[in-house]
Amino acid sequence: MGRRIILLGPPGAGKGTQAKWLVEKTGLLHLSTGDLLRDEVARRTELGMNARAFMDRGDLVPDDVIIEMIRGKIGDAEGFILDGFPRTVAQAEALARITHVDHVLYIALDREQVIARLTSRRVCRDCGWITNILSNDAATDGACRDCGGELYQRDDDRREVIENRFDVYIGATAPLIAYYGKLGILSEVDGNQSPEAVLVQILAVVEAA
Ligand code: AP5
Ligand code: MG
């Protein structure tokens, strides 16, 4: 099994959802730069205070900050699931200097689906469980199904910020599809199907090699 995995895709494609399930199946280390940054913001660290304005607008935090933050986390880990990193060609080139990558799973989703999903997403403040008020298993009482924690709406899940995040994705991140395609390690998965069906396709790729 290829153990060094990148989940690539627009905001709302399901990277976090799939990463959590993949961790349960594979035991690999999950590294989400978005989650790491939100933790820095919550702890009011200097990094978090500097990153916050970028995140609130839906812009990317500067490459050097992100690369420095992730470098130590990847370290010499034997396997990982990268979620939301790399997000620019410069970040991909920096990653290539740190370690090699086995698979890039590109989860595709169009703009309208992205907006619909993210305006209705809820996340558990305590355990990070991701859900959606439109889905069948949604908690209707505002409590997390897993741990009973409070479900909240991310600060950047406002429509105008979501639209900017999608535009930023198209401009800065989508070029990575060609970048990793040329390296022969990219597989595309249709994100507009059930999360279970997406997982099956991802596992078929990572378990094949
Ligand atoms: P980040 O936290 O990475 O946000 P994102 O890329 O915008 O992605 P999301 O977390 O919004 O979506 P997701 O793909 O994880 O979808 P999810 O599984 O939650 O980054 C936030 C900010 O931090 C950035 O804007 C930037 O400022 C900064 N940042 C982070 N990394 C950076 C980097 N490398 N460089 C620079 N800046 C960086 O699912 C979404 C919703 O859909 C949920 O409600 C879920 O329940 C639902 N759902 C999931 N799958 C399905 C499905 N198959 N069918 C129906 N619904 C589904
Ligand atoms: Mg996410």
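Numbers for residues simply follow the sequence, beginning at 1. All ligand and atom numbering here is 1-based and tracks the order in the structure.
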Student: Give every residue pair that meets the side-chain hydrogen bond (donor to acceptor under 3.5 Å, both in side chains) criterion with at least one member in residues 107-117, sequence neighbours excluded.
Tutor: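 The answer is none; no pair qualifies.
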Student: Would you call E93 and R97 a salt bridge, using N to O less than 4.0 angstrom?
Tutor: no
Student: Hey, does the side chain of S120 reach the backbone of N132 with a donor-acceptor pair shorter than 3.5 angstrom?
Tutor: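 Between the backbone of N132 and the side chain of S120 there is no qualifying donor-acceptor contact (under 3.5 Å).
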Student: Kindly state each residue pair satisfying side-chain hydrogen bond (donor to acceptor under 3.5 Å, both in side chains) with at least one member in residues 165-190, sequence neighbours excluded.
Tutor: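 Pairs touching residues 165-190 that pass the test: D157-R165.
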Student: Remaining members of V168's ILVMFWY cluster at a side-chain heavy-atom cut-off under 4.5 Å?
Tutor: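 In the cluster with V168 are L60.
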Student: Could you please provide the protein residues found below 4.0 Å of ligand 1 on a heavy-atom basis, arranged by chain and number?
Tutor: P10, P11, G12, A13, G14, K15, G16, T17, T33, G34, L37, R38, M55, D59, L60, V61, I66, G84, F85, R87, Q91, R117, L118, R121, I130, T131, N132, R154, D156, R165, G191, Q193, S194, P195
Student: Is it true that, when you exclude E160 itself, more than 12 heavy atoms of the residues, nucleotides or ligands shown sit nearer than 6.0 Å to its CD?
Tutor: yes
